[in-house]
Structure formats: C-alpha cells, structure tokens
Trainee: 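This is the structure I want to talk about, given as structure tokens.
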Amino acid sequence: MSLIEHLEELRKRIIWSLVGLAVAFFPCWSYAKEIFAFLVAPITPFLPPGTKLAFLGLTDPFLMYFKVAGLAALFIASPFILYQAWQFIAPGLYPRERRYAMPFVLITTAFFLSGGAFGYYVAFPAAAKFLLGMGDQLTPVITVTTYFSFLMTIILGLGLMFELPVVIFLLSILGVVTPRFLMRQFRWAVVIIFIVAAIVTPTPDIFNQCVFAVPGVALYLVGVGAATLATRSRNKRRMAEASGSV
C-alpha cells in the first residue's frame, strides 16, 4: 500500500478501536462505584482507620468515576483494540502468518492483563507503602485526582511494558531485528528499561524502580527467545520456498 493508504488504514483502525472502547465504557459506567471500591482496595490497608480519599473541586467525583469507567473499559475492550492493531499489521505479513490473528490477540491480551495485574497487586502496593511510610508522622489527605493519576500511570505503564515480547516478536517477523542484534544491544536495552521505569515509577528509590525494571529485563529476554523462534521459522519457510521454486 502507498503512504496515503497506510494512513487511511490507520485512521480506520483507530476509529474502530474508539468505537469498541465506547461500547465497553457504558456498562463500566453503570458499575463505576463498584470498580472504584476495587481500585481503592490496595491503598486502604496503609491508611489510618476511617480515612477516605478526598476531593477539592465540585467536578472531581464525576471526573474520577469517568476515569474509573474508562480504565475498566480499556481493559475490557483490549482484545478488540489489539485485534485492530493486528489488522493494521497484517498486510505486511506472509499469507500464512496472517492466520495467526487469534493467537496474537490472545497472547497480547494476556500480556496486557498480566501487566495490569502486576501493577495492581505488586507494584502499586509497594509504592504506596513506601510513600505513606515516609509520612508516618503526618495525617494523609489524598485526593482522588492525584490517587487515580498515580494508579493509572502504574497500571497502564506496566500493561504496556508487558507487551515488550510481542513487539520484539513482530519486529523479528518483519525482519527489523534479529536475536543476535538484540543480544548485542542488551546493555543498552537494560539502560532504556531503567529509564522508562524511572519515568513510570512514582518514587526515586531503587527498590521501586527495580519492581518495574526487573520484569522489563525479563520480558526483553522472553522477547529475544520469541525472536529466535520467529527467525528460525521464517528462514525454514524461505528455504522451503526456494527449494520448491527450483
């Protein structure tokens, strides 16, 4: 396809993704209070008994429930959104590779949900415990705006970080990277992962940065393994096609 056709296809996939997100948003809005209670649960054990999140502006509760519903809708609609991503990538693949749409959607969704779950159950409680522990002689007054900005950064950041093996796998299929290249650049990859972790991590201490960065390094190595399998499969297919043509 030409550049204009690629841009038109990208616009089409973005529109369909937004439609899927909107469809998932409305039922999530109906259960916004229940979702809110679920998202507040990780910080509750670290707050003084009876302490609740606060709000300063009249519109803050509405905006907070809107963000809560939007976050839940994003996770619910993620299989459909990732399928749209596959549809955009598929024209650049071999016909046999295009049949892997369902495994791609399932695997990428599983990685995205795993990253969100890791952020919710592991990374966020560790960061919240550290931050609130620093102010143990003070009375916490946490607004819903700052809380959910903090929470969404961690959950979405880790959800995207957990897609790293899938991105590496796709780049290897397209021939952009090779396993040897990835291992030669391993040190730089570790530096970049720690820089990203420093941006996503809400605290400057090395412990919380490692909570983000160590899984990222492990996921990079998983991506190298996936790239190795993809490269071998691609080379075998090319050899088979070459021998068949002879």
Side-chain angles (χ1 to χ4, degrees), residues 10-47 51-89 101-128 131 140 142-164 166-167 199-202 211-212 215 219:
L10 178 61
R11 185 183 71 86
K12 176 183 176 181
R13 297 306 164 189
I14 291 176
I15 291 175
W16 275 110
S17 298
L18 292 176
V19 170
L21 186 62
V23 170
F25 176 83
F26 291 103
C28 292
W29 177 259
S30 301
Y31 292 93
K33 291 186 177 181
E34 289 79 4
I35 300 171
F36 166 77
F38 174 76
L39 293 177
V40 171
I43 200 174
T44 302
F46 308 117
L47 295 176
T51 301
K52 295 182 179 181
L53 298 181
F55 65 92
L56 302 177
L58 292 175
T59 60
D60 286 354
F62 173 81
L63 294 176
M64 180 270 298
Y65 284 124
F66 188 88
K67 291 179 182 179
V68 166
L71 179 63
L74 180 60
F75 278 90
I76 292 175
S78 59
F80 181 77
I81 295 173
L82 291 169
Y83 175 74
Q84 297 304 316
W86 172 263
Q87 289 295 95
F88 178 72
I89 298 170
M102 187 57 65
F104 171 82
V105 172
L106 293 177
I107 292 173
T108 51
T109 301
F111 273 107
F112 183 67
L113 296 179
S114 298
F118 181 82
Y120 176 83
Y121 290 106
V122 179
F124 178 78
L131 290 172
I142 304 173
T143 65
V144 292
T145 302
T146 56
Y147 176 79
F148 278 101
S149 296
F150 178 36
L151 179 65
M152 290 174 65
T153 299
I154 292 178
I155 291 180
L156 293 179
L158 282 168
L160 294 175
M161 182 178 287
F162 270 57
E163 297 290 356
L164 182 59
V166 179
V167 173
I199 295 173
V200 176
T201 306
V211 170
F212 284 77
L219 290 167

Trainee: Using the ring of each side chain (for Trp, its six-membered ring), is Trp86 parallel, tilted or perpendicular to Phe104, with breaks at 30° and 60°?
Mentor: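 The arrangement is tilted - the two ring planes meet at 30° to 60°.
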Trainee: Testing the basics here: between Gly57 and Asp60, what is the closest heavy-atom pair and its distance to 0.1 Å?
Mentor: N-OD2, 2.9 Å
Trainee: If I take atom CD1 from residue Ile155 and atom CG from residue Leu151, how far apart are they, to the nearest 0.5 angstrom?
Mentor: 4.0 Å
Trainee: Might you point out which heavy atoms bring Phe80 and Trp16 nearest each other, and give the distance in Å?
Mentor: CE2-O, 3.0 Å
Trainee: Using the rule side chain to side chain contact (heavy atoms under 4.5 Å, CB included), only one of Ile76, Ile35, Leu39 pairs with Leu71; which is it?
Mentor: Leu39
Trainee: Run the ring pair (Phe, Tyr, Trp, His ring centres under 6.0 Å) test against Phe55 and tell me which residues pass, sequence neighbours left out.
Mentor: none
Trainee: Please work out which of the three classes, parallel, tilted or perpendicular, describes the rings of Tyr65 and Phe36, given edges at 30° and 60°.
Mentor: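 Perpendicular: the ring planes of Phe36 and Tyr65 meet at over 60°.
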Trainee: Side chains of Ile43 and Ile142: closer than 4.5 Å at any heavy-atom pair?
Mentor: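 Yes, at least one pair of side-chain atoms sits under 4.5 Å.
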Trainee: Using every non-hydrogen atom in the two residues, find where Pro140 and Leu47 come nearest and quote the distance to one decimal.
Mentor: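 It is CG-CD2, 4.2 Å.
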Trainee: Give me the atom names and distance for the closest heavy-atom approach of Leu21 to Gly70.
Mentor: CD1-O, 4.5 Å
Trainee: Measuring from Leu164:CG to Leu219:CG, what's the distance to the nearest 0.5 Å?
Mentor: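 Leu164 CG to Leu219 CG: 6.0 Å, rounded to 0.5 Å.
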Trainee: Assign the ring pair Phe38 / Tyr120 to parallel, tilted or perpendicular, where the plane angle (0 to 90°) is split at 30° and 60°.
Mentor: parallel
Trainee: Rounded at 0.5 Å granularity, tell me how far NZ in Lys67 sits from CG in Leu74.
Mentor: 14.5 Å
Trainee: Any idea which heavy atoms bring Ala41 and Pro45 closest together, and the distance?
Mentor: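 Shortest heavy-atom contact: O-CD, 3.2 Å.
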Trainee: Would you confirm whether the ring centroid of Phe124 sits within less than 6.0 angstrom of the ring centroid of Tyr147?
Mentor: yes
Trainee: Could you measure the distance from the CZ atom of Phe88 to the CD1 atom of Ile14? Nearest 0.5 Å is fine.
Mentor: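 Answer rounded to 0.5 Å: 8.5 Å.
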Trainee: Write down the atom of Phe25, the atom of Ala69, and the distance for their closest heavy-atom approach.
Mentor: CE1-CB, 3.4 Å
Trainee: Once rounded to the nearest 0.5 Å, what's the spacing between atom NZ of Lys52 and atom OG1 of Thr44?
Mentor: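 So the gap between those two atoms works out to 11.0 Å.
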Trainee: With rounding to the nearest 0.5 Å, note down the distance linking OG1 in Thr146 to CG in Leu53.
Mentor: 8.0 Å
Trainee: Answer yes or no: is there a side-chain heavy-atom contact under 4.5 Å between Thr109 and Phe75?
Mentor: no
